[in-house]
Amino acid sequence: MNLHEYQAKEIFARYGIPISPGHVAATPDEARAFAERLGFPVVIKAQVHSGGRGKAGGVKLASHPDETAEKARAILALTIQGLPVRQVLVTRAVDIASETYAGILLDRATKRPLVMLSAAGGVDIEETAHTAPEKILKYTVAPRTGLLAYQARDLMRRVQPDPGLATKMATVLEKLYRVWWESDASLCEINPLVVAKDGEVLALDAKMSLDDNALYRHPELVAYRDDRDESPGAVLAREKGLSYVKLDGDIGCIVNGAGLAMATLDLVQHFGGKPANFLDIGGSSNPEKMVTALQVITGDAHVRSILINIFGGITRCDDVARGLLTALDRMRIDAPIVIRLTGTNEKEARAILEARGFSATTSMEEAVQEAVARAQGVTV
Ligand code: GDP
Ligand code: MN
(Lines give C-alpha, C1' and ligand atoms only; values in the text may rest on other atoms or scores of the structure.)
(Ligands and ions follow the chains in the order given, each with its own letter.)
Protein backbone atom coordinates (compact mmCIF):
# COMPACT_ATOMS: atom_id res chain seq x y z
CA MET A 1 0.00 0.00 0.00
CA ASN A 2 1.41 3.34 -1.08
CA LEU A 3 0.95 6.54 0.86
CA HIS A 4 0.61 10.04 -0.49
CA GLU A 5 3.36 12.52 0.25
CA TYR A 6 1.21 14.45 2.73
CA GLN A 7 0.37 11.23 4.59
CA ALA A 8 4.00 10.13 4.77
CA LYS A 9 4.92 13.62 5.99
CA GLU A 10 2.32 13.34 8.76
CA ILE A 11 4.00 10.15 9.94
CA PHE A 12 7.51 11.56 9.54
CA ALA A 13 6.51 14.61 11.58
CA ARG A 14 5.29 12.36 14.41
CA TYR A 15 8.81 10.98 14.62
CA GLY A 16 10.30 14.46 14.72
CA ILE A 17 11.52 14.67 11.14
CA PRO A 18 11.36 18.36 10.18
CA ILE A 19 9.00 19.20 7.32
CA SER A 20 7.70 22.42 5.83
CA PRO A 21 4.14 23.11 7.07
CA GLY A 22 1.36 22.46 4.57
CA HIS A 23 -2.26 21.65 3.84
CA VAL A 24 -4.06 19.43 1.34
CA ALA A 25 -6.48 21.11 -1.06
CA ALA A 26 -8.93 19.65 -3.55
CA THR A 27 -9.85 22.89 -5.32
CA PRO A 28 -7.95 25.99 -6.54
CA ASP A 29 -9.86 28.18 -4.04
CA GLU A 30 -8.89 25.95 -1.15
CA ALA A 31 -5.28 26.05 -2.32
CA ARG A 32 -5.38 29.85 -2.42
CA ALA A 33 -6.84 30.05 1.10
CA PHE A 34 -4.20 27.71 2.52
CA ALA A 35 -1.41 29.61 0.77
CA GLU A 36 -2.62 32.90 2.30
CA ARG A 37 -2.51 31.26 5.70
CA LEU A 38 1.01 29.84 5.16
CA GLY A 39 2.60 32.91 3.63
CA PHE A 40 4.36 33.25 0.27
CA PRO A 41 6.08 31.87 -1.68
CA VAL A 42 4.42 28.45 -1.61
CA VAL A 43 4.91 25.21 -3.49
CA ILE A 44 1.89 23.37 -4.92
CA LYS A 45 2.38 19.64 -5.33
CA ALA A 46 0.26 16.95 -6.99
CA GLN A 47 -0.72 14.17 -4.57
CA VAL A 48 -0.68 10.99 -6.64
CA HIS A 49 0.81 7.56 -6.04
CA SER A 50 3.68 8.20 -8.41
CA GLY A 51 7.13 9.71 -8.41
CA GLY A 52 8.48 12.08 -11.04
CA ARG A 53 5.82 14.66 -10.33
CA GLY A 54 8.28 17.52 -10.71
CA LYS A 55 9.17 16.47 -14.25
CA ALA A 56 5.50 15.95 -15.12
CA GLY A 57 4.62 19.54 -14.17
CA GLY A 58 3.06 18.48 -10.88
CA VAL A 59 5.24 20.67 -8.62
CA LYS A 60 5.04 24.45 -9.00
CA LEU A 61 6.05 27.54 -7.08
CA ALA A 62 3.63 30.45 -6.56
CA SER A 63 4.30 33.85 -5.07
CA HIS A 64 0.82 35.31 -4.67
CA PRO A 65 -2.79 34.15 -4.10
CA ASP A 66 -4.04 34.27 -7.71
CA GLU A 67 -0.96 32.52 -9.01
CA THR A 68 -1.56 29.78 -6.41
CA ALA A 69 -5.14 29.23 -7.56
CA GLU A 70 -4.09 29.26 -11.21
CA LYS A 71 -1.27 26.75 -10.72
CA ALA A 72 -3.36 24.54 -8.46
CA ARG A 73 -6.00 24.48 -11.21
CA ALA A 74 -3.39 23.42 -13.77
CA ILE A 75 -2.01 20.67 -11.52
CA LEU A 76 -5.48 19.38 -10.59
CA ALA A 77 -6.16 18.97 -14.33
CA LEU A 78 -3.10 16.74 -14.80
CA THR A 79 -2.88 12.98 -15.16
CA ILE A 80 0.53 11.73 -14.01
CA GLN A 81 1.54 8.24 -15.13
CA GLY A 82 -2.11 7.45 -15.76
CA LEU A 83 -3.26 8.72 -12.37
CA PRO A 84 -5.61 11.71 -12.18
CA VAL A 85 -4.57 14.38 -9.68
CA ARG A 86 -7.39 14.86 -7.16
CA GLN A 87 -5.54 16.77 -4.46
CA VAL A 88 -2.61 19.11 -4.11
CA LEU A 89 -0.37 19.77 -1.15
CA VAL A 90 0.31 23.44 -0.54
CA THR A 91 3.48 24.03 1.49
CA ARG A 92 5.65 26.96 2.33
CA ALA A 93 8.50 27.12 -0.19
CA VAL A 94 12.00 26.49 1.04
CA ASP A 95 15.11 28.26 -0.25
CA ILE A 96 17.26 25.27 -1.17
CA ALA A 97 21.05 25.18 -0.71
CA SER A 98 21.55 21.46 -1.41
CA GLU A 99 19.52 18.31 -2.12
CA THR A 100 20.39 14.85 -0.81
CA TYR A 101 18.70 11.52 -1.42
CA ALA A 102 17.93 9.27 1.59
CA GLY A 103 16.03 6.00 1.33
CA ILE A 104 15.50 2.83 3.30
CA LEU A 105 14.12 -0.33 1.79
CA LEU A 106 14.02 -4.04 2.37
CA ASP A 107 16.77 -5.71 0.37
CA ARG A 108 15.43 -9.08 -0.74
CA ALA A 109 18.88 -10.38 -1.59
CA THR A 110 20.30 -9.93 1.92
CA LYS A 111 16.88 -10.01 3.64
CA ARG A 112 17.99 -6.93 5.55
CA PRO A 113 17.23 -3.23 5.67
CA LEU A 114 19.22 -1.25 3.13
CA VAL A 115 20.03 2.42 3.59
CA MET A 116 20.73 4.35 0.40
CA LEU A 117 22.17 7.85 0.33
CA SER A 118 23.33 10.12 -2.43
CA ALA A 119 24.72 13.64 -2.64
CA ALA A 120 23.06 13.73 -6.09
CA GLY A 121 19.55 14.03 -4.67
CA GLY A 122 16.58 15.59 -6.46
CA VAL A 123 14.54 14.82 -9.53
CA ASP A 124 17.30 12.98 -11.41
CA ILE A 125 18.02 10.27 -8.85
CA GLU A 126 16.52 7.47 -11.00
CA GLU A 127 18.79 8.47 -13.85
CA THR A 128 21.78 8.64 -11.50
CA ALA A 129 20.99 5.14 -10.23
CA HIS A 130 21.09 4.01 -13.84
CA THR A 131 24.02 5.92 -15.30
CA ALA A 132 26.27 6.50 -12.27
CA PRO A 133 25.39 3.89 -9.63
CA GLU A 134 28.67 4.59 -7.82
CA LYS A 135 27.15 7.91 -6.72
CA ILE A 136 24.69 6.01 -4.55
CA LEU A 137 25.98 4.84 -1.22
CA LYS A 138 24.48 1.61 0.08
CA TYR A 139 24.64 0.30 3.60
CA THR A 140 23.12 -2.90 4.95
CA VAL A 141 21.76 -2.58 8.48
CA ALA A 142 21.92 -5.40 11.01
CA PRO A 143 18.25 -5.79 11.94
CA ARG A 144 19.03 -6.80 15.52
CA THR A 145 20.71 -3.54 16.44
CA GLY A 146 19.00 -1.28 13.93
CA LEU A 147 20.75 1.79 12.57
CA LEU A 148 22.99 3.13 15.33
CA ALA A 149 23.73 6.82 15.79
CA TYR A 150 27.43 6.54 14.93
CA GLN A 151 26.62 4.53 11.79
CA ALA A 152 24.12 7.15 10.64
CA ARG A 153 26.73 9.88 11.24
CA ASP A 154 29.48 8.00 9.40
CA LEU A 155 27.18 7.48 6.44
CA MET A 156 26.04 11.09 6.28
CA ARG A 157 29.61 12.34 6.50
CA ARG A 158 30.23 10.60 3.21
CA VAL A 159 27.56 12.61 1.38
CA GLN A 160 27.72 15.85 3.37
CA PRO A 161 31.16 17.40 3.91
CA ASP A 162 29.97 19.88 6.56
CA PRO A 163 30.18 17.98 9.90
CA GLY A 164 27.51 20.08 11.61
CA LEU A 165 25.04 19.51 8.80
CA ALA A 166 25.99 15.84 8.54
CA THR A 167 25.10 15.38 12.21
CA LYS A 168 21.73 17.08 11.74
CA MET A 169 21.02 14.96 8.68
CA ALA A 170 22.11 11.81 10.51
CA THR A 171 19.45 12.49 13.15
CA VAL A 172 16.85 12.60 10.37
CA LEU A 173 18.19 9.31 8.98
CA GLU A 174 17.91 7.64 12.40
CA LYS A 175 14.31 8.81 12.68
CA LEU A 176 13.59 7.65 9.15
CA TYR A 177 14.89 4.23 10.09
CA ARG A 178 12.56 4.14 13.08
CA VAL A 179 9.58 5.07 10.89
CA TRP A 180 10.55 2.35 8.43
CA TRP A 181 10.97 -0.29 11.10
CA GLU A 182 7.99 0.52 13.29
CA SER A 183 5.54 0.92 10.38
CA ASP A 184 6.60 -2.34 8.68
CA ALA A 185 7.30 -0.23 5.63
CA SER A 186 8.86 -1.71 2.52
CA LEU A 187 10.15 1.72 1.52
CA CYS A 188 10.71 5.08 3.19
CA GLU A 189 12.29 7.78 1.11
CA ILE A 190 13.18 11.44 1.42
CA ASN A 191 14.15 12.95 -1.90
CA PRO A 192 15.20 15.62 -1.55
CA LEU A 193 16.40 15.91 2.01
CA VAL A 194 17.43 19.54 1.79
CA VAL A 195 19.69 21.93 3.54
CA ALA A 196 17.95 25.29 3.31
CA LYS A 197 19.85 28.54 2.77
CA ASP A 198 19.30 29.31 6.48
CA GLY A 199 20.99 26.01 7.47
CA GLU A 200 17.81 24.18 8.38
CA VAL A 201 17.54 20.51 7.37
CA LEU A 202 14.12 19.48 6.00
CA ALA A 203 12.35 16.57 4.32
CA LEU A 204 11.01 18.33 1.23
CA ASP A 205 9.43 15.20 -0.22
CA ALA A 206 8.26 11.98 1.44
CA LYS A 207 7.49 8.60 0.02
CA MET A 208 6.32 5.54 1.90
CA SER A 209 5.12 2.07 0.92
CA LEU A 210 3.72 -0.28 3.53
CA ASP A 211 3.83 -4.05 3.51
CA ASP A 212 0.19 -5.15 3.02
CA ASN A 213 0.88 -8.38 4.89
CA ALA A 214 1.78 -6.44 8.03
CA LEU A 215 -1.08 -3.94 7.88
CA TYR A 216 -3.07 -5.88 10.46
CA ARG A 217 -0.51 -4.69 12.99
CA HIS A 218 -1.18 -1.06 12.09
CA PRO A 219 -4.89 -0.30 12.19
CA GLU A 220 -4.03 3.41 12.45
CA LEU A 221 -2.23 3.28 9.09
CA VAL A 222 -5.02 1.44 7.23
CA ALA A 223 -7.02 4.67 7.29
CA TYR A 224 -4.44 6.16 4.91
CA ARG A 225 -5.54 3.84 2.12
CA ASP A 226 -6.66 5.74 -0.96
CA ASP A 227 -8.05 3.13 -3.35
CA ARG A 228 -9.71 5.50 -5.79
CA ASP A 229 -7.18 4.56 -8.45
CA GLU A 230 -7.66 0.83 -7.96
CA SER A 231 -10.06 -1.10 -10.18
CA PRO A 232 -13.30 -2.33 -8.53
CA GLY A 233 -12.01 -5.87 -9.14
CA ALA A 234 -8.82 -5.26 -7.18
CA VAL A 235 -10.78 -3.73 -4.30
CA LEU A 236 -13.25 -6.64 -4.26
CA ALA A 237 -10.44 -9.22 -4.31
CA ARG A 238 -8.71 -7.55 -1.39
CA GLU A 239 -11.93 -7.30 0.63
CA LYS A 240 -12.69 -11.00 0.06
CA GLY A 241 -9.14 -12.13 0.77
CA LEU A 242 -8.11 -13.27 -2.72
CA SER A 243 -4.60 -12.51 -3.98
CA TYR A 244 -5.15 -10.72 -7.25
CA VAL A 245 -2.64 -8.95 -9.46
CA LYS A 246 -3.86 -7.45 -12.69
CA LEU A 247 -1.65 -8.02 -15.73
CA ASP A 248 -1.97 -6.70 -19.25
CA GLY A 249 -3.08 -9.79 -21.19
CA ASP A 250 -6.50 -11.19 -22.13
CA ILE A 251 -6.68 -14.64 -20.51
CA GLY A 252 -8.33 -14.52 -17.10
CA CYS A 253 -6.77 -17.12 -14.80
CA ILE A 254 -8.44 -18.57 -11.71
CA VAL A 255 -6.13 -20.94 -9.86
CA ASN A 256 -5.82 -22.44 -6.40
CA GLY A 257 -2.41 -21.97 -4.83
CA ALA A 258 0.20 -19.34 -5.60
CA GLY A 259 2.74 -21.80 -7.01
CA LEU A 260 0.24 -23.35 -9.40
CA ALA A 261 -0.96 -19.88 -10.35
CA MET A 262 2.58 -18.86 -11.31
CA ALA A 263 3.12 -22.09 -13.23
CA THR A 264 -0.16 -21.40 -15.03
CA LEU A 265 0.98 -17.92 -16.07
CA ASP A 266 4.26 -19.39 -17.34
CA LEU A 267 2.43 -22.01 -19.36
CA VAL A 268 0.04 -19.46 -20.84
CA GLN A 269 3.07 -17.44 -22.02
CA HIS A 270 4.74 -20.61 -23.24
CA PHE A 271 1.80 -21.38 -25.53
CA GLY A 272 1.76 -17.84 -26.91
CA GLY A 273 -0.98 -16.36 -24.75
CA LYS A 274 -1.00 -13.40 -22.38
CA PRO A 275 -2.43 -13.74 -18.88
CA ALA A 276 -4.83 -11.00 -17.77
CA ASN A 277 -4.06 -11.58 -14.12
CA PHE A 278 -2.65 -13.61 -11.30
CA LEU A 279 -5.45 -14.85 -9.05
CA ASP A 280 -5.05 -17.32 -6.23
CA ILE A 281 -8.37 -18.44 -4.74
CA GLY A 282 -6.47 -20.11 -1.92
CA GLY A 283 -6.64 -23.52 -0.37
CA SER A 284 -10.05 -23.50 1.25
CA SER A 285 -13.11 -25.02 -0.29
CA ASN A 286 -15.61 -22.20 -0.07
CA PRO A 287 -17.72 -22.03 -3.27
CA GLU A 288 -18.18 -18.29 -2.65
CA LYS A 289 -14.54 -17.80 -3.54
CA MET A 290 -15.23 -18.96 -7.08
CA VAL A 291 -18.11 -16.51 -7.33
CA THR A 292 -15.88 -13.64 -6.19
CA ALA A 293 -13.08 -14.76 -8.49
CA LEU A 294 -15.40 -14.67 -11.51
CA GLN A 295 -16.70 -11.25 -10.51
CA VAL A 296 -13.14 -9.98 -10.33
CA ILE A 297 -12.12 -11.54 -13.65
CA THR A 298 -15.21 -10.46 -15.60
CA GLY A 299 -14.75 -6.90 -14.30
CA ASP A 300 -11.67 -6.68 -16.52
CA ALA A 301 -12.88 -5.67 -20.00
CA HIS A 302 -9.75 -7.09 -21.65
CA VAL A 303 -10.51 -10.70 -20.70
CA ARG A 304 -11.34 -12.81 -23.79
CA SER A 305 -11.22 -16.27 -22.25
CA ILE A 306 -11.26 -17.64 -18.72
CA LEU A 307 -9.02 -20.45 -17.59
CA ILE A 308 -9.89 -22.26 -14.36
CA ASN A 309 -7.04 -24.44 -13.14
CA ILE A 310 -7.69 -26.40 -9.93
CA PHE A 311 -5.52 -28.98 -8.30
CA GLY A 312 -7.78 -30.59 -5.71
CA GLY A 313 -6.14 -31.20 -2.37
CA ILE A 314 -7.75 -29.45 0.54
CA THR A 315 -9.72 -27.64 -2.13
CA ARG A 316 -12.40 -30.08 -3.30
CA CYS A 317 -13.09 -30.04 -7.01
CA ASP A 318 -16.85 -30.50 -6.50
CA ASP A 319 -17.00 -27.33 -4.39
CA VAL A 320 -15.23 -25.44 -7.15
CA ALA A 321 -17.69 -26.83 -9.69
CA ARG A 322 -20.64 -25.80 -7.51
CA GLY A 323 -19.14 -22.35 -7.04
CA LEU A 324 -18.81 -21.95 -10.78
CA LEU A 325 -22.45 -22.88 -11.39
CA THR A 326 -23.62 -20.56 -8.60
CA ALA A 327 -21.67 -17.77 -10.24
CA LEU A 328 -23.24 -18.53 -13.62
CA ASP A 329 -26.71 -18.37 -12.03
CA ARG A 330 -25.94 -14.92 -10.65
CA MET A 331 -24.10 -13.25 -13.50
CA ARG A 332 -23.77 -13.29 -17.22
CA ILE A 333 -20.37 -14.38 -18.49
CA ASP A 334 -19.73 -13.91 -22.19
CA ALA A 335 -16.13 -15.09 -22.32
CA PRO A 336 -15.57 -18.80 -22.99
CA ILE A 337 -14.60 -20.79 -19.88
CA VAL A 338 -11.98 -23.54 -20.03
CA ILE A 339 -11.70 -25.83 -17.02
CA ARG A 340 -8.91 -28.07 -15.84
CA LEU A 341 -9.40 -29.93 -12.61
CA THR A 342 -7.85 -32.92 -11.01
CA GLY A 343 -7.56 -34.32 -7.49
CA THR A 344 -10.00 -34.56 -4.60
CA ASN A 345 -13.60 -35.26 -5.71
CA GLU A 346 -12.79 -34.75 -9.36
CA LYS A 347 -15.36 -37.34 -10.53
CA GLU A 348 -18.17 -35.60 -8.62
CA ALA A 349 -17.03 -32.28 -10.03
CA ARG A 350 -17.07 -33.56 -13.57
CA ALA A 351 -20.60 -34.93 -13.10
CA ILE A 352 -21.83 -31.59 -11.73
CA LEU A 353 -20.30 -29.70 -14.64
CA GLU A 354 -21.48 -32.12 -17.31
CA ALA A 355 -25.07 -31.75 -16.09
CA ARG A 356 -24.75 -28.11 -17.16
CA GLY A 357 -23.00 -28.80 -20.43
CA PHE A 358 -19.43 -28.11 -19.33
CA SER A 359 -16.51 -30.43 -19.80
CA ALA A 360 -13.28 -30.36 -17.86
CA THR A 361 -9.88 -31.74 -18.75
CA THR A 362 -7.30 -33.09 -16.31
CA SER A 363 -4.42 -31.90 -18.45
CA MET A 364 -2.98 -28.49 -17.71
CA GLU A 365 -1.29 -28.24 -21.13
CA GLU A 366 -4.51 -29.03 -22.92
CA ALA A 367 -6.52 -26.50 -20.92
CA VAL A 368 -3.96 -23.74 -21.34
CA GLN A 369 -3.70 -24.32 -25.08
CA GLU A 370 -7.46 -24.20 -25.42
CA ALA A 371 -7.72 -21.00 -23.35
CA VAL A 372 -5.05 -19.38 -25.53
CA ALA A 373 -6.87 -20.44 -28.71
CA ARG A 374 -10.23 -19.23 -27.42
CA ALA A 375 -8.76 -15.86 -26.48
CA GLN A 376 -7.61 -15.56 -30.08
CA GLY A 377 -11.12 -16.32 -31.26
CA VAL A 378 -10.41 -19.88 -32.36
CA THR A 379 -13.06 -22.42 -31.44
CA VAL A 380 -11.53 -25.76 -30.59
P1 GDP B 1 8.92 14.48 -7.24
O2 GDP B 1 9.36 15.06 -8.55
O3 GDP B 1 7.66 13.70 -7.38
O4 GDP B 1 9.99 13.71 -6.57
O5 GDP B 1 8.54 15.73 -6.29
P6 GDP B 1 9.42 16.54 -5.22
O7 GDP B 1 8.59 16.85 -4.06
O8 GDP B 1 10.71 15.85 -4.92
O9 GDP B 1 9.72 17.90 -5.96
C10 GDP B 1 10.52 17.95 -7.12
C11 GDP B 1 11.52 19.09 -7.06
O12 GDP B 1 10.85 20.30 -6.89
C13 GDP B 1 12.47 18.99 -5.87
O14 GDP B 1 13.58 18.16 -6.13
C15 GDP B 1 12.89 20.44 -5.73
O16 GDP B 1 13.97 20.72 -6.58
C17 GDP B 1 11.68 21.21 -6.19
N18 GDP B 1 10.99 21.72 -4.99
C19 GDP B 1 10.06 21.09 -4.23
N20 GDP B 1 9.73 21.85 -3.16
C21 GDP B 1 10.47 22.97 -3.26
C22 GDP B 1 10.61 24.17 -2.46
O23 GDP B 1 9.99 24.32 -1.40
N24 GDP B 1 11.47 25.11 -2.89
C25 GDP B 1 12.19 24.97 -4.05
N26 GDP B 1 13.03 25.94 -4.39
N27 GDP B 1 12.11 23.88 -4.81
C28 GDP B 1 11.26 22.90 -4.44
MN1 MN C 1 11.00 13.73 -4.84
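Quick note: numbers below take in every heavy atom, side chains included, and nothing from hydrogens, waters or symmetry partners. Computed from a predicted model, the values in this text were never measured in an experiment. Both ligands and their constituent atoms are indexed starting at 1 by order of listing.
- Other residues, nucleotides and ligands place no more than 12 heavy atoms under 6.0 Å from the CZ atom of F311.
- For atom 10 (C) of ligand 1, the closest non-hydrogen atom on the protein side is V123 CG1, 3.5 Å.
- Counting protein heavy atoms only, atom 28 (C) of ligand 1 is closest to I96 CD1, 3.8 Å.
- Surrounding NE2 of H218 are more than 12 heavy atoms belonging to other residues, nucleotides or ligands, all under 6.0 Å away.
- Of all atoms in ligand 1, listed by their number and element, those nearer than 4.0 Å to a heavy atom of G54 are 1 (P), 2 (O), 3 (O).
- The protein atom (non-hydrogen) at minimum distance from atom 15 (C) of ligand 1 is E99 OE2, 3.1 Å.
- For atom 6 (P) of ligand 1, the nearest non-hydrogen atom of the protein is D205 OD2, 3.5 Å.
- Of the protein's heavy atoms, none falls inside 4.0 Å of atom 17 (C) of ligand 1.
- For atom 20 (N) of ligand 1, the nearest non-hydrogen atom of the protein is L204 CD2, 3.4 Å.
- With a 4.0 Å heavy-atom cut-off, ligand 1 is reached by the backbone of N191 but not by any atom from C-beta on.
- To the nearest 0.5 Å, atom CD of residue E370 and atom CG of residue L307 are 9.5 Å apart.
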side-chain contact (heavy atoms from CB on, under 4.5 Å) between Y224 and M1, worked out: CA-CA 9 Å; Y224 283 129; M1 170 177 143; 3.8 Å; yes

The test is side-chain contact (heavy atoms from CB on, under 4.5 Å); show your working for R112 and D107 and say whether it passes. CA-CA 5 Å; R112 277 157 195 252; D107 181 5; 5.6 Å; no

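- Crowding of K138 atom NZ: a count of heavy atoms from other residues, nucleotides or ligands under 6.0 Å not exceeding 12.
- Under 2.8 Å from the Mn ion (ligand 2), one finds the following protein N/O/S atoms: N191 O, D205 OD2.
- Side-chain contact check for F358 versus L328: some heavy-atom pair is nearer than 4.5 Å.
- Within 6.0 Å of the CZ atom in R158, the count of heavy atoms belonging to other residues, nucleotides or ligands does not exceed 12.
- Of all protein heavy atoms, the one closest to atom 22 (C) of ligand 1 is V43 CG2, 3.4 Å.
- Of the protein's heavy atoms, K45 NZ, 2.5 Å lies nearest to atom 7 (O) of ligand 1.
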I297 vs I333, side-chain contact (heavy atoms from CB on, under 4.5 Å): CA-CA, chis, key distance, verdict: CA-CA 10 Å; I297 296 286; I333 298 176; over 6 Å; no

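- The 12-atom threshold is not exceeded at CZ of R108, counting heavy atoms of other residues, nucleotides or ligands nearer than 6.0 Å.
- Enclosure of atom CZ in R225 by more than 12 non-hydrogen atoms of other residues, nucleotides or ligands within 6.0 angstrom is indicated.
- When each atom of ligand 1 is checked for a heavy atom of V94 under 4.0 Å away, the hits are 22 (C), 23 (O), 24 (N), 25 (C), 26 (N).
- Annotation: atom 3 (O) of ligand 1 to nearest protein heavy atom, R53 NE, 2.7 Å.
- Ion pair R350/E346 flagged as a salt bridge, since at least one NZ, NE, NH1 or NH2 atom sits closer than 4.0 Å to an Asp/Glu carboxylate oxygen.
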